Amino acid sequence: MLKNIVGLVTGGASGLGLATAERLVREGGKVVICDLSTSKGADIAKHLGNNAVFAPVDVTSEDDVKNALDLCKIKFGRLDAAVNCAGITVVKPALNTKSKVIHTQEQFIKVLDVNIGGTFNVMRLSAAMMSENEPDTEGCRGVIINTASIAAFDGKRGQCAYSASKAAVVGMTLPAARDLASTGIRVCTIAPGYFLTSMTEGLLELNGGQLPDSMQFPARMGKPDEFAMAVQFIITNPMMNGEVIRVDGAVRMQPGANL
Ligand SMILES: NC(=O)C1=CN([C@@H]2O[C@H](COP(=O)(O)OP(=O)(O)OC[C@H]3O[C@@H](n4cnc5c(N)ncnc54)[C@H](O)[C@@H]3O)[C@@H](O)[C@H]2O)C=CC1
Ligand SMILES: C[C@]12CCC(=O)C=C1CC[C@@H]1[C@@H]2[C@@H](O)C[C@@]2(C)[C@H]1CC[C@]2(O)C(=O)C=O
């Protein structure tokens, strides 16, 4: 149960973030769905009812995130769990040796800006708001959950930007947990494998109905709610701190096709 837990979920209008927002509400909590103003976040929040509200947020903007936290305070009075799911990917080799096309620096920086900068922006501002909470019986004031990827560890060809960004999310987990320990705020990261969302749409067709890497068990794409189950576990287990959990059915990504 997540009774009365107030969560803020970035990327909450789609995929893993949406499943997390839905689970929070289903389990008795409340949620601020943060996503781009162009997303379906407003309709989704309406559909979820009074325990959900939408905040138009670009995670790289300090003002947008502050406005979302203000809305959280006004509507629900506090923040217990911030879940960073907003993220983007690009698949492009550093250099395409056949066509001689070079990865643009702009694309590289954009992925880092959203995936690292956005995650850190939401984490630091959420922590500031959580620090105002009364501690629970364990002294805990809140929990922050970030989303990396198994690409942080074994990125494929074409994933310099994405893998670097996710490795940074893994890398900030322990220092952030240490920074926030004295305030009673926990920080964990989930590193998902292949999950069925709009980010991986078309992946199976692209690979002739096959998954790009040999799955172990279960030999299928993850369901978004299986990610949300990991979020619930981290929120409810007070010993989960400073840790990165792979949720990937034991898959290991292979180098992939020559791009
Ligand atoms: N689907 C998968 O197989 C995996 C996904 N991930 C990571 O999980 C997270 C969620 O991905 P999915 O749900 O699959 O993707 P998705 O594309 O379904 O959802 C991502 C959401 O983030 C939002 N978003 C993008 N840029 C934003 C910004 N600047 N500000 C606010 N919102 C923004 C999008 O509008 C979208 O609603 C991402 O960080 C992704 O890298 C990690 C491993 C596996
Ligand atoms: C690069 C991949 C795999 C090959 C392909 O045909 C298309 C792709 C685009 C989406 C990528 C694919 C894969 O590398 C796994 C990720 C990076 C996927 C987006 C999210 C992804 O599932 C992930 O982060 C896995 O950990």
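Please read these numbers as outputs of a predicted model, since none were measured by experiment.
Heavy-atom contacts from other residues, nucleotides or ligands closer than 6.0 Å to CD1 of Ile102 number 12 or fewer. Remark: Met239 CE is loosely packed, at most 12 non-hydrogen atoms of other residues, nucleotides or ligands lying under 6.0 Å away. Taking a 6.0 Å sphere around CD of Gln210, one finds it holds 12 or fewer heavy atoms contributed by other residues, nucleotides or ligands. Within 6.0 Å of the CZ atom in Arg220, the count of heavy atoms belonging to other residues, nucleotides or ligands exceeds 12. Taking a 6.0 Å sphere around NZ of Lys40, one finds it holds 12 or fewer heavy atoms contributed by other residues, nucleotides or ligands.
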Checklist entry - So Asp35 and Val57, side-chain contact (heavy atoms from CB on, under 4.5 Å) or not? Walk me through it. => result CA-CA 5 Å; Asp35 209 306; Val57 168; over 6 Å; no
Item to check | Stepwise salt bridge (Lys or Arg N to Asp or Glu O under 4.0 Å) check, Asp225 with Arg26 | outcome: CA-CA 12 Å; Asp225 189 54; Arg26 211 166 52 238; 3.2 Å; yes
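Contact record, Lys30 with Phe76: CD-CD2, 3.5 Å, taken as the closest heavy-atom pair. Gln232 and Glu27 make their closest contact through NE2-OE1, 3.4 Å (heavy atoms, listed as atom of the first residue, atom of the second, distance). Considering every non-hydrogen atom in both Ala219 and Met215, the closest pair reads CA-CB, 3.6 Å. The two residues Ala68 and Ala55 come nearest to each other via the heavy atoms CB-CB, 3.7 Å. The shortest non-hydrogen separation linking Leu8 to Cys34 is CG-SG, 3.6 Å. Between Arg186 and Cys140, the shortest heavy-atom distance links the atoms NE-SG, 4.0 Å.
Both Val122 and Val187 belong to a common hydrophobic cluster when Ile, Leu, Val, Met, Phe, Trp and Tyr are linked at side-chain heavy-atom distances under 4.5 angstrom. Linking ILVMFWY residues whenever their side-chain heavy atoms come closer than 4.5 Å, directly or via other members, places Met240 and Ile235 in the same cluster. Under the 4.5 Å side-chain contact rule for hydrophobic residues, Ile144 and Val247 do not share a cluster. Transitive grouping of hydrophobic side chains (ILVMFWY, heavy atoms separated by less than 4.5 Å) keeps Leu203 and Phe195 in distinct clusters. Residues Phe120 and Phe108 are members of one and the same hydrophobic cluster, defined by side-chain heavy-atom contacts under 4.5 angstrom among Ile, Leu, Val, Met, Phe, Trp and Tyr.
A donor-acceptor contact closer than 3.5 angstrom is absent between the side chains of Ser131 and Thr183. With no hydrogens or angles considered, no side-chain donor-acceptor pair links Ser61 and Asp63 at under 3.5 Å.
Ion pairing between Asp213 and Arg252 fails under the 4.0 Å rule for side-chain N and carboxylate O. A salt bridge is defined here as a Lys NZ or Arg NE, NH1 or NH2 lying under 4.0 Å from an Asp or Glu carboxylate O, and Lys110 with Glu106 fails to meet this definition.
Within the 4.5 Å cutoff, side-chain heavy atoms of Ile150 are placed close to those of Met253. At a threshold of 4.5 Å between non-hydrogen side-chain atoms, the residues Lys223 and Leu196 do not count as touching. Between Thr119 and Thr147, the closest side-chain pair of non-hydrogen atoms is not below 4.5 Å. Residues Lys156 and Pro255 are not in side-chain contact: their nearest non-hydrogen atoms beyond the backbone lie 4.5 Å or more apart. Ile190 places a side-chain heavy atom less than 4.5 Å from the side chain of Phe227.
Judged purely by atom type and a 3.5 angstrom limit, Asn96 has no side-chain atom pairing as donor or acceptor with the backbone of Val101. In terms of modelled atom types and a separation under 3.5 Å, the side chain of Thr173 and the main chain of Thr189 share no donor-acceptor contact. The backbone N or O of Cys160 lies less than 3.5 Å from no partner atom in the side chain of Ser163, so there is not a single donor-acceptor pair. The main-chain N or O of Pro56 is never found under 3.5 Å from a side-chain atom of Ser37 such that the two would form a donor-acceptor pair. For the pair Arg157 (side chain) and Gly256 (backbone), a donor-acceptor distance under 3.5 Å is present. Asp80 places a side-chain N or O within 3.5 Å of a backbone atom of Val6 that can act as its donor or acceptor partner. Using modelled atom types, one side-chain atom of Asn133 and one backbone atom of Leu79 make a donor-acceptor pair closer than 3.5 Å. A donor-acceptor pair is defined here as one N or O able to donate and one able to accept, closer than 3.5 Å; no such pair exists between the side chain of Asn207 and the backbone of Gly209.
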